[in-house]
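Beneath this line is the structure, given in structure tokens, with notes to follow.
Just so you know, residue 1 is the first one in the sequence shown, and it goes up from there. Hydrogens, waters and symmetry mates play no part in the numbers below; they use all other heavy atoms, side chains included.
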Amino acid sequence: QVQLVESGGGLVQPGGSLRLSCAASGSIFNPNAMGWYRQAPGKERELVATITHAGFTNYAGSMKGRFTISRDNAKKTVYLQMNSLKPEDTAVYYCNLKSYTGPYRGEYWGQGTQVTVSS
């Protein structure tokens, strides 16, 4: 079993900040990449940011400079610090984990956490 649990979403005013967290639990010990995706109503799920086990990061263009992704390998937890939030950032944010080796290799998703930026 592999489970991802997100937390930290909520309602925030434009220009405000939120910090999301996602903890991986279960029988997986080599999460090669972890990251965040988001999906707004009527839109496709899109990349926010990813981070490898070694700490290499990748950001979508609209998030770069405002969002920061980080991870704690010992805790198998990934974080997303979101600053200068805009109404366009309103979406359900999903944690993602990719494991390339081992019996539980594959891709896993969290249940999602709602982020609402008022306008």
Side-chain angles (χ1 to χ4, degrees):
Q1 297 282 348
V2 177
Q3 189 171 4
L4 305 177
V5 180
E6 303 107 325
S7 63
L11 175 65
V12 65
Q13 294 182 347
S17 298
L18 285 173
R19 189 177 192 238
L20 307 182
S21 64
C22 172
S25 63
S27 302
I28 188 164
F29 302 98
N30 186 30
N32 296 100
M34 301 183 74
W36 294 92
Y37 293 72
R38 69 185 186 185
Q39 188 168 22
K43 298 180 65 178
E44 298 294 318
R45 188 173 298 185
E46 65 176 345
L47 168 73
V48 176
T50 60
I51 183 168
T52 70
H53 189 270
F56 296 101
T57 59
N58 181 57
Y59 296 90
S62 63
M63 271 67 78
K64 190 173 184 178
R66 299 189 298 123
F67 294 3
T68 302
I69 190 170
S70 61
R71 65 188 286 171
D72 184 330
N73 289 334
K75 297 180 179 179
K76 294 189 291 185
T77 300
V78 63
Y79 306 92
L80 184 69
Q81 178 67 46
M82 304 186 293
N83 299 323
S84 301
L85 283 163
K86 305 174 181 179
E88 305 88 83
D89 296 319
T90 296
V92 177
Y93 285 70
Y94 295 92
C95 180
N96 174 265
L97 183 153
K98 294 184 178 68
S99 181
Y100 303 143
T101 61
Y104 295 96
R105 62 190 178 275
E107 186 172 24
Y108 303 89
W109 295 92
Q111 81 286 353
T113 184
Q114 177 71 47
V115 172
T116 302
V117 184
S118 65
S119 61

Asn96/Met34 under side chain to side chain contact (heavy atoms under 4.5 Å, CB included): CA gap, chis, key distance, verdict: CA-CA 6 Å; Asn96 174 265; Met34 301 183 74; over 6 Å; no

Shared hydrophobic cluster, Tyr37 / Tyr93 (ILVMFWY, side-chain heavy atoms < 4.5 Å): no

Side-chain heavy atoms of Arg66 within contact of Met82, under 4.5 Å: no

Flag if over 12 foreign heavy atoms under 6.0 Å of CD, Glu107: yes

Set of residues satisfying side chain to side chain contact (heavy atoms under 4.5 Å, CB included) with respect to Gln114, sequence neighbours excluded: Thr90, Val92, Thr116

Determine all donor-acceptor pairs shorter than 3.5 Å in which one atom belongs to a side chain in residues 7-17; sequence neighbours excluded.
unit_1	atom_1	unit_2	atom_2	d
Ser7	OG	Ser21	OG	2.8
Ser17	OG	Asn83	OD1	2.8

Least distance between heavy atoms, Ile69 atom then Gly35 atom: CD1-CA, 3.9 Å

Worked verdict on Thr77 versus Cys22 for side chain to side chain contact (heavy atoms under 4.5 Å, CB included): CA-CA 5 Å; Thr77 300; Cys22 172; 5.7 Å; no

Single-linkage hydrophobic cluster Leu85~Trp36, side-chain heavy atoms < 4.5 angstrom: yes

Co-membership, hydrophobic cluster, residues Leu20 and Ile51, 4.5 Å side-chain: yes

CA sep, side-chain torsions, deciding dist, call: Gln111, Glu6, side chain to side chain donor-acceptor pair (under 3.5 Å): CA-CA 7 Å; Gln111 81 286 353; Glu6 303 107 325; 3.1 Å; yes

OH-OG distance between Tyr104 and Ser99, expressed to the nearest 0.5 angstrom: 11.5 Å

Same apolar cluster (I L V M F W Y, side chains within < 4.5 Å links), Leu80/Tyr108: yes

Rounded distance [0.5 Å steps], OG in Ser119 versus CD in Glu88: 9.0 Å

Side chain Arg71, main chain Thr52, donor-acceptor under 3.5 Å: yes

Separation of Arg38 CZ from Phe67 CZ (nearest 0.5 Å): 5.5 Å

Between CG on residue Leu97 and CH2 on residue Trp109, distance to nearest 0.5 Å: 10.5 Å

Verify same cluster id: Tyr94, Val48 (apolar side-chain graph, 4.5 Å): no

Sub-4.5 Å side-chain heavy-atom contact between Leu18 and Val115: yes

Nearest-0.5 Å distance, OH of residue Tyr59 to CG of residue Leu47: 11.0 Å

Gap separating the OG atom of Ser70 from the CD atom of Gln81, nearest 0.5 angstrom: 8.5 Å

